[in-house]
Amino acid sequence: MTEGRVLSGIEFARAGDDGSRPLLLDLYLPGPEGGAAPRPAVVHFHGGGWRMGERSSLGPVLDGFGNSAFQTFTDTGFVVASADYRLSQEAHFPAQLHDAKAAVRWLRNHAADYNVDPERIYAWGDSAGGHLASLVGLTTNADGVNAGDAVAAVAAWYPPTDLGRMAEQSLPGAVARANDPGSREELLVGAVLADEPAKASAASPISYASRSAPPFFLAHGTADRFVPPAQSTSLAAALEAAGTDVELLLIEDADHMWVLPDHSPAAAEKAMDATVDFFLRQAQVP
């Protein structure tokens, strides 16, 4: 980061039965140019199948850009908060969603400290993080508590959205299927999906599609062997049917994490540019 700064390892909540598990985020702040007006902010959730990954990562292709993915946002005037959440070996769903919502609440509660506009806080995630970002956007106040966890828009890259249908939607040659014994999805909910359809539904963003949803941007590779592209097209169709603004970007021949047959960064760059453009339009930043 040349103009802005990074504040690493900020504790935003404590989790666990005894409240002893610290949850941390990194805050990427833009430079001083652009005046003193409150800035829009993006809360990012990492991928890794809910069982691995870290808040500094966007997958190997984007990580090859260094910090430029987050810096792209700060260069356009956004604050970025990239947050941890409990992984599936530590806690089953909905713990991960509770942690993601806690990160949003923390940023809103500390908006004045970091010159953030509390009305322009957005969620973004990739893979498992895209699943959580989608749920954050679709389940505001679903627990009956008005706790400030609302986001004004969501961008999700190759997100699982309908856990009960992932296996049937898998592409030929899929590397992983949701009905594999011990799959990432089964580890998330702590049950065999076919045996516990209610748990699968409760953990599926598509279950919460409604006209009250914020604007969505979904991006997926058509050759994704880990999360079927139909997971994004199905959610996009459900949101559109509900009357929600939704944009869908399908990138031909791209596998999970934007891997292309020629191993070029073209798909990752296209997805990143489109994501930034989406949030700029939502924030009405010229």
Side-chain angles (χ1 to χ4, degrees), residues 28 30 34 38-47 58-59 61-62 65 68-83 100 103-104 107 116-138 140 150-161 205-206 208-222 224 227 229 231-240 242-252 254 257-258 265-286:
Y28 298 79
R39 302 178 185 275
V42 174
V43 183
H44 174 261
F45 306 106
H46 67 79
L58 286 91
V61 177
L62 266 294
F65 298 164
S68 63
F70 293 147
Q71 186 174 349
T72 298
F73 276 106
T74 60
D75 285 349
T76 56
F78 282 80
V79 171
V80 178
S82 192
V104 175
L107 185 58
V116 167
D117 182 350
E119 301 302 316
R120 293 190 294 167
I121 294 177
Y122 310 106
W124 168 40
D126 49 293
S127 197
H131 164 266
L132 293 177
S134 297
L135 283 171
V136 167
L138 293 169
T140 299
V151 292
V154 173
W157 291 357
Y158 34 81
T161 67
I206 201 168
Y208 307 97
S210 74
R211 65 181 304 172
S212 63
F216 261 71
F217 171 76
L218 298 166
H220 218 119
T222 63
D224 195 322
V227 178
Q231 291 282 294
S232 282
T233 58
S234 295
L235 179 58
L239 291 170
E240 185 175 8
T244 299
D245 291 336
V246 58
E247 300 176 25
L248 174 65
L249 172 65
L250 296 176
I251 300 181
E252 289 296 322
M257 297 184 289
W258 305 128
E269 291 171 345
K270 183 174 184 177
M272 191 69 212
D273 289 346
T275 303
V276 172
D277 177 70
F278 170 75
F279 282 132
L280 286 172
R281 286 184 281 114
Q282 297 303 315
Q284 297 184 345
V285 174

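Just so you know, these numbers come straight off a predicted model, no measurement behind them. Each residue takes its place number in the sequence, starting with 1.
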Students often mix this up, so state it plainly: with edges at 30° and 60°, are the rings of Phe70 and His44 parallel, tilted or perpendicular? perpendicular
Once the angle between the rings of Phe73 and Phe78 is folded into 0 to 90°, is it parallel (under 30°), tilted (30 to 60°) or perpendicular (over 60°)?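 If you compare the ring of Phe73 with that of Phe78, the planes turn out perpendicular.
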Measure from the ring center of Phe279 to the ring center of Trp124 and say whether it is less than 6.0 Å.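 For Phe279 and Trp124, the ring centres are not under 6.0 Å apart.
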Measure the shortest side-chain to side-chain distance between [X] and [Y] over non-hydrogen atoms and say whether it is less than 4.5 angstrom.
X	Y	result
Val151	Val43	no
Leu135	Tyr208	yes
Asp117	Pro40	no
Tyr158	Asp126	yes
Val79	Tyr28	no
Ile206	Ser234	yes
Pro159	His220	yes
Arg39	Pro30	yes

Can you tell me how far the [atom1] atom of [X] sits from the [atom2] atom of [Y], to the nearest 0.5 Å?
X	Y	atom1	atom2	result
Met272	Asp277	CE	CG	11.5 Å
Leu138	Leu239	CG	CG	6.0 Å
Gln284	Arg120	CD	CZ	8.0 Å
Glu269	Thr72	CD	OG1	10.0 Å

Which atom pair, heavy atoms only, marks the closest approach of [X] to [Y]?
X	Y	result
Ala283	Tyr122	CA-OH, 3.2 Å
Ala156	Gly130	CB-O, 3.7 Å
Pro160	Val227	N-CG1, 3.8 Å
His131	Pro205	CD2-CD, 3.6 Å
Val116	Ala41	CG1-CB, 3.8 Å
Pro229	Gly221	CB-O, 3.6 Å

Using side chain to side chain contact (heavy atoms under 4.5 Å, CB included), reason through Leu58 and His46 one step at a time and then give a plain yes or no. CA-CA 6 Å; Leu58 286 91; His46 67 79; over 6 Å; no
Between Trp157 and Ser232, a side-chain donor and acceptor under 3.5 Å: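 Result is no, nothing qualifies.
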Run the numbers on Val154 and Val136 for side chain to side chain contact (heavy atoms under 4.5 Å, CB included), then give the verdict. CA-CA 8 Å; Val154 173; Val136 167; over 6 Å; no
Apply the test side chain to side chain contact (heavy atoms under 4.5 Å, CB included) to residues Thr76 and Leu280: give CA-CA distance (whole Å), side-chain angles for both, the deciding distance (0.1 Å), then the verdict. CA-CA 8 Å; Thr76 56; Leu280 286 172; 4.0 Å; yes
What pairs of residues pass the salt bridge (Lys or Arg N to Asp or Glu O under 4.0 Å) test when at least one of them lies in residues 243-252, not counting sequence neighbours?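 Output for this query lists Glu247-Arg281.
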Do the side chain of Thr244 and the main chain of Ser212 share a donor and acceptor less than 3.5 angstrom apart?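 The answer is no, because no donor-acceptor pair under 3.5 Å joins these two groups.
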Leu249 and Leu218: CA distance, side-chain angles, deciding distance, side chain to side chain contact (heavy atoms under 4.5 Å, CB included) verdict: CA-CA 6 Å; Leu249 172 65; Leu218 298 166; over 6 Å; no
